[in-house]
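Numbers restart at 1 for each chain; the letters A, B, ... are given by sequence-line order, proteins then strands.
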There are 2 protein chains.
Amino acid sequence: MKEVKLTCEGKPVDLNEIGGMSFDECKKKLAELSKGLAHPARVEIVRMLENKPLEERCVCGDIVNALPLAQSSVSQHLKVLKEAGWIQGEIDGPCVCYCTVQGIMEYYLALMKRSLKGK
Amino acid sequence: MKEVKLTCEGKPVDLNEIGGMSFDECKKKLAELSKGLAHPARVEIVRMLENKPLEERCVCGDIVNALPLAQSSVSQHLKVLKEAGWIQGEIDGPCVCYCTVQGIMEYYLALMKRSLKGK
DNA sequence: CCTTAATATCGTATATCTACGATAAACGAT
DNA sequence: ATCGTTTATCGTAGATATACGATATTAAGG
């Protein structure tokens with residue numbers, strides 16, 4: 001599964017270069033990612049994907065089955081998480097295999113540190 | 001300044017007892033707190049308050065002056081953060097002195113750990 | 001091709017968010 | 001009591017979020 005680039009306000013963001021972002025960009029990106037976690041269903045989706053071992057596929061249908069929501073609603077939540085930068089999806093035949101963007105948790109924590117502890 | 005209790009779905013939450021919360025309550029509370037950070041202005045407010053030394057007061061007016069928003073809009077953001085559990089306000093004469101709830105950052109991180117890494 | 005299965009998107013209804021100006025409420029000082 | 005300062009709340013408008021069913025899309029298999 002190939003790496004997917006994060007974006008902030010449409011522009012690509014390098015996970016390893018938070019230092020290169022302006023302070024304001026940091027806060028915007030932190031807000032974007034936080035909005036991703038601002039719904040219990042999306043928290044659960046990130047948890048499912050973050051805990052999966054690499055070999056274990058997690059397709060859209062698995063997520064739909066795990067949540068008490070309609071398929072279309074889950075699809076919307078997946079879109080929100082994808083656009084925020086939490087997850088990525090890879091088409092695999094008729095299914096879409098989802099996983100968290102690698103290092104996203106550490107990136108989120110780094111953004112919190114820079115945005116909330118910065119001067 | 002006296003300690004203010006956190007709530008989850010209206011019920012009080014002990015900062016030191018995440019273990020006592022159900023898994024679902026954890027995810028709901030994480031979503032609530034995340035929604036607090038889901039706007040750049042609120043990220044900036046939390047940053048301002050988190051970085052203040054204890055002796056240094058930070059009244060509502062200071063926050064209004066620091067943000068490019070109308071007083072009523074800032075007041076709304078403060079209300080969101082207060083209801084989410086990030087901050088508390090203490091009335092001091094005609095002013096209201098705000099600060100972050102003690103240990104809230106660690107609590108947020110603990111919720112992330114439990115909600116996103118839990119089984 | 002045509003069907004089936006899996007996802008995404010559309011359309012829609014309701015609710016919540018965000019921002020502002022105007023107004024109310026609380027307090028200290030005159 | 002009245003005034004000015006500070007903050008919260010109200011009313012409102014427009015944008016975004018949330019949920020669902022219905023429909024479109026995509027790919028595999030017949």
Distance-only criterion, 3.5 Å: show the donor-acceptor pairs between side-chain atoms of residues 38-45 of chain B and protein atoms not counting sequence neighbours.
| residue | atom | partner | partner atom | Å |
| --- | --- | --- | --- | --- |
| B:His39 | ND1 | B:Ala41 | N | 3.0 |
| B:Arg42 | NE | B:Gly36 | O | 2.8 |
| B:Arg42 | NH1 | B:His77 | ND1 | 3.0 |
| B:Arg42 | NH2 | B:Lys35 | O | 3.0 |
| B:Glu44 | OE1 | A:Lys27 | NZ | 2.6 |
| B:Glu44 | OE1 | B:Arg47 | NE | 3.0 |
| B:Glu44 | OE2 | B:Arg47 | NH2 | 2.8 |

Residues in side chain to side chain donor-acceptor pair (under 3.5 Å) with A:Ser115, at least two apart? none
Note: B:Leu37 and A:Ser34 closest approach over all heavy atoms is CB-OG, 3.4 Å
Taking 5' to 3' order, which nucleotide of DNA chain C is first and which is last to have an atom within less than 4.0 Å of a heavy atom in chain A? C:dA6 to C:dT9
Can you name the one residue among B:Val80, B:Thr100, B:Leu81, B:Val101 that meets side chain to side chain contact (heavy atoms under 4.5 Å, CB included) with B:Trp86? B:Leu81
Expected output is a numbered-order residue list: members of residues 71-81 of chain A with a heavy atom under 4.0 Å from any atom of DNA chain C. What is it? A:Gln71, A:Ser72, A:Ser75
5′-ward residue of the pair A:Lys35/A:Lys82 relative to DNA chain C: A:Lys82
Of A:Leu69 and A:Ile91, the one whose nearest nucleotide on DNA chain D sits closer to the 5' end is A:Leu69
Interatomic distance where CG belongs to A:Leu67 and C1' belongs to D:dC20 [whole Å]: 15 Å
Under 3.5 Å, sequence neighbours excluded: what are the donor-acceptor pairs made by side chains of residues 61-74 of chain B?
| residue | atom | partner | partner atom | Å |
| --- | --- | --- | --- | --- |
| B:Asp62 | OD2 | B:Val59 | N | 3.1 |
| B:Asn65 | ND2 | B:Gly61 | O | 3.2 |

Whole-Å distance separating the CG atom of A:Asp92 from the C1' atom of D:dT26: 13 Å
If you look at every strand shown and take non-hydrogen atoms under 4.0 Å, does A:Val64 touch a base, only sugar-phosphate, or nothing? nothing
All side chain to side chain donor-acceptor pair (under 3.5 Å) counterparts of B:Asp92, not counting sequence neighbours: B:Arg57
Identify, with sequence neighbours excluded, every residue that meets salt bridge (charged side-chain N to carboxylate O under 4.0 Å, His left out) alongside A:Lys117. B:Glu50
Results of side chain to side chain contact (heavy atoms under 4.5 Å, CB included) for B:Leu109 - residues two or more places apart only: A:Leu109, A:Met112
What salt bridge (Lys or Arg N to Asp or Glu O under 4.0 Å) pairs are there with at least one residue in residues 101-112 of chain B, not counting sequence neighbours? none
Return the set of residues passing side chain to side chain contact (heavy atoms under 4.5 Å, CB included) with B:Lys82 (not counting sequence neighbours), or none when no residue passes. B:Ile87, B:Tyr98
For B:Gln102 and B:Tyr107, what are the C-alpha separation, side-chain angles and deciding distance, and is it a side-chain contact (heavy atoms from CB on, under 4.5 Å)? CA-CA 9 Å; B:Gln102 210 194 346; B:Tyr107 183 63; over 6 Å; no
Axis-to-axis angle for the helix from C:dC1-D:dG30 to C:dT30-D:dA1, ends of five pairs each, to 10°, equals 10°
It should be established whether B:Tyr98 places a side-chain nitrogen or oxygen under 4.0 Å from OP1 or OP2 of nucleotide D:dT6. no
In whole Å, what is the span from the CD1 atom of B:Ile87 to the P atom of D:dT7? 13 Å
